Amino acid sequence: MLDIALIRQKPDWIKEQIEKLGDEAALARIDAIVELDRQRRAIRTRIETEQAARNKLNRAMGVLRGSKTMTDGEKAMRAQTASAAIGVRDYDRASAILEASEAVGGAVPADAAAFEELIRELRIMGDQINDGFKQAETIESELRDNMLWIPNLPHESVPVAASEDDNVAGAIQGALREFDFDPKPHWELGPALGIIDFERGVKISGSRYYVLKDWGARLQRALISFFLDTARANSYREVYTPYIVHREMLYGSAQFPKFEDTVYGLAEEDKFLLPTAEVAITNLHRDEILEEAELPLSYVAHSPCFRSEKASAGRDVRGIKRVHQFEKVEMFKFTRPESSYDELETMTEQAEAICAQLKVPYRRLEIVTGDLGFSATKKYDIEIWSPGCEEWLEVSSCSNTEAFQARRAMLRYYPSDSRKSRYLHTLNGSGLATPRVMIALMENYQQADGSIEIPDVLRPYLGGAAVIPMT
RNA sequence: GGAGAGGUGGCCGAGUGGUUUAAGGCGAUGGUCUUGAAAACCAUUGUACGGUUCUCCGUACCGCAGGUUCGAAUCCUGUCCUCUCCGCCA
């Protein structure tokens, strides 16, 4: 979520930023937000003043009614005079009459029904205030609904361009391998080696599901361990989180409301399967206020990721590039606002270093405004070349969201020199995602006979084996 | 899944309809005292939003959501969570 005060102060500047993202629908909401915010503040100011008067009158009435020093006649006389004052909305005078320490003179005769009259006036007042609160609630929920659909704004360093085709590719790291045979795609290598079983995956769960067997299952487990150990060596704390989370957590990490149809929900509870561990980690410190001395807080978690992929029906249907269930190791940082961009560089370099250790050709993509997505202010993708399917595969995406998620999930910290809390910045990056890394390894390390060499760094995780053999 | 008990500030804990505008204690922070520290004493104490503009003021928040009432931490309903026991279970 953006800072409402910023929208209030610089609506035109906000619109310019959103224009760079190409989000026309969000652009159209800004004027409505400015107006709703104005209405909200006007109505709140009014009802809070009325509420203050009402609270004071109610307290004063309680004290008056309980007074043991005052005669019933005096009480009734005060109640009656105060009722009249409330009737003409002179609340200050009404409470002054009820609270006065010395006897209040007046020509109004005491009346047995005086308290009834006072209660009646207070009830009318209360009804008016309640109507006001209901109006405010309607406006506030409409305002919030609009705010939730506004994307994060791009950082000034992000290249302005319309689409993913304009993303700025960095130099290729590592040499593309020269084959003396035709490299095969993984969807041929996998079944031939008996390590990917597409038919049985489909039998059990349908299209875009698969079964890993023997060396395939072990290779995935090795990769997960390798990724986690690497992150741990980089001072990330390893965490294991629930894979099923409350609806509110998806709002906190900004998947909802915009991407609700990409996530799997449970039928019997209003809970959802993680599309990424980022959702769980973002909300780890929800509603907390951390101390600056603890920052940055870095976490790493492995989790399965469940995605419905409705938006890409018919695309990438072959192989395991785009599936409903995959494994990912996610790096995440909670930082001070001042250091989030430095941390983004560090995190991206760490993701690249994993590719380098696996000795596969990779490159970094600087994402342009039109492809930034909903919550990032700046983003880098890491892609690995896969010679079999002949394409660059995105294996990591590292983003800074600044305070966008922090505002939604109430992630704050106290600066060391102040007791006034500030929002944290959050960063996330894959480190890495397994099916695509497995594709890259199979296709880059394949031998002429169909067997696959195992990269050096993974051998300790596979009992020292050097090759996945043809059987 | 069944039965019972319970959810109050950073923590403990009092509070069964109106000076509770949440007591008291612990902790934390600042101060006094001290060569320094401890102890003692004094003061301060959360979050969000709005108004004001550098100082305050107001509103809301006692798990959450409704309801009753002129007025709710307190009464009613629903719901979530925690604990204890029983059942089931990797």
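Side chains are part of it too, since the values below use all heavy atoms of this structure and drop only hydrogens, waters and symmetry mates. Everything numeric here is computed off the predicted structure, so don't read it as measured data. Just so we're on the same page: letters track the sequence lines, and every chain starts at 1.
Under the ring-ring contact (aromatic ring centres under 6.0 Å, His included) criterion, A:Phe404 pairs with A:Phe374, not counting sequence neighbours. Looking at residues two or more places apart in sequence or on another chain, you find a ring-ring contact (aromatic ring centres under 6.0 Å, His included) between A:Phe256 and A:Tyr251, A:Phe272. Residues passing the ring-ring contact (aromatic ring centres under 6.0 Å, His included) test with A:His155, sequence neighbours excluded: A:Tyr341. For A:Tyr209, the ring-ring contact (aromatic ring centres under 6.0 Å, His included) criterion is met by A:His324, not counting sequence neighbours. For A:Ser340, the side-chain hydrogen bond (donor to acceptor under 3.5 Å, both in side chains) partners are A:Asn400, A:His425, not counting sequence neighbours. Under the rule for a side-chain hydrogen bond (donor to acceptor under 3.5 Å, both in side chains), the partners of A:Lys321 that lie at least two apart in sequence or sit in another chain are A:Asp316, A:Glu391. Considering only residues two or more places apart in sequence or on other chains, A:Thr276 meets the side-chain hydrogen bond (donor to acceptor under 3.5 Å, both in side chains) condition with A:Lys328. Looking at residues two or more places apart in sequence or on another chain, you find a side-chain hydrogen bond (donor to acceptor under 3.5 Å, both in side chains) between A:Glu309 and A:Ser312, A:Arg322.
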| query | Which nucleotides of nucleotides 58-66 of chain B have their base under 4.0 Å from a protein heavy atom (B), which only their sugar-phosphate (S), and which neither (-), written as one string 5' to 3'? | reply | BBS------

| request: Using a 4.0 Å cut-off on protein heavy atoms (strictly under), produce a 5'-to-3' string for nucleotides 70-75 of chain B with B for base contact, S for backbone-only sugar-phosphate contact, and - for none. | output: BS----

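Atom CD in A:Glu288 sits about 16 Å away from atom C1' in B:C11, given to the nearest Å. Counting to the nearest Å, the C1' atom of B:U47 and the OH atom of A:Tyr423 are 11 Å from each other.
B:A22 and B:C76 have their P atoms separated by 24 Å, with the value rounded to a whole Å. Taking the P atoms as reference points, B:G18 lies 24 Å from B:G13, given to the whole Å.
Nucleotides of RNA chain B nearest to A:Thr45 and A:Lys420 differ in position, and the one nearer the 5' end is that of A:Lys420. Comparing A:Leu57 and A:Asp37 by the nucleotide of RNA chain B that holds the closest heavy atom to each, the one mapping nearer the 5' end is A:Leu57.
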Could you go through residues 211-240 of chain A and list every donor-acceptor pair under 3.5 Å that involves a side-chain atom there, pairing it with any protein atom two or more places apart or in another chain?
| from | atom 1 | to | atom 2 | distance (Å) |
| --- | --- | --- | --- | --- |
| A:Lys213 | NZ | A:Asp197 | OD2 | 3.1 |
| A:Gln220 | OE1 | A:Thr434 | OG1 | 3.2 |
| A:Ser225 | OG | A:Arg221 | O | 3.3 |
| A:Asp229 | OD1 | A:Arg232 | NH2 | 3.3 |
| A:Asp229 | OD2 | A:Tyr461 | OH | 2.7 |
| A:Thr230 | OG1 | A:Phe226 | O | 2.7 |
| A:Asn234 | ND2 | A:Thr230 | O | 3.4 |
| A:Tyr236 | OH | A:Gln350 | OE1 | 2.6 |

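Residue contacts for A:Arg247: at a heavy-atom cut-off of 4.0 Å it reaches no nucleic acid atom on any strand shown. A:Met125 comes within contact range of no nucleotide atom at all, as no heavy-atom separation falls under 4.0 Å.
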Give me the distances for all protein-to-nucleotides 27-29 of chain B N/O pairs that come in under 3.5 Å?
none

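Base pairing analysis places B:U59 opposite B:A48; the two distances defining the Watson-Crick or G-U wobble pair are each below 3.5 Å.
Screening A:Glu140, A:Glu35, A:Glu137 for a salt bridge (charged side-chain N to carboxylate O under 4.0 Å, His left out) with A:Arg40, the sole residue that qualifies is A:Glu140.
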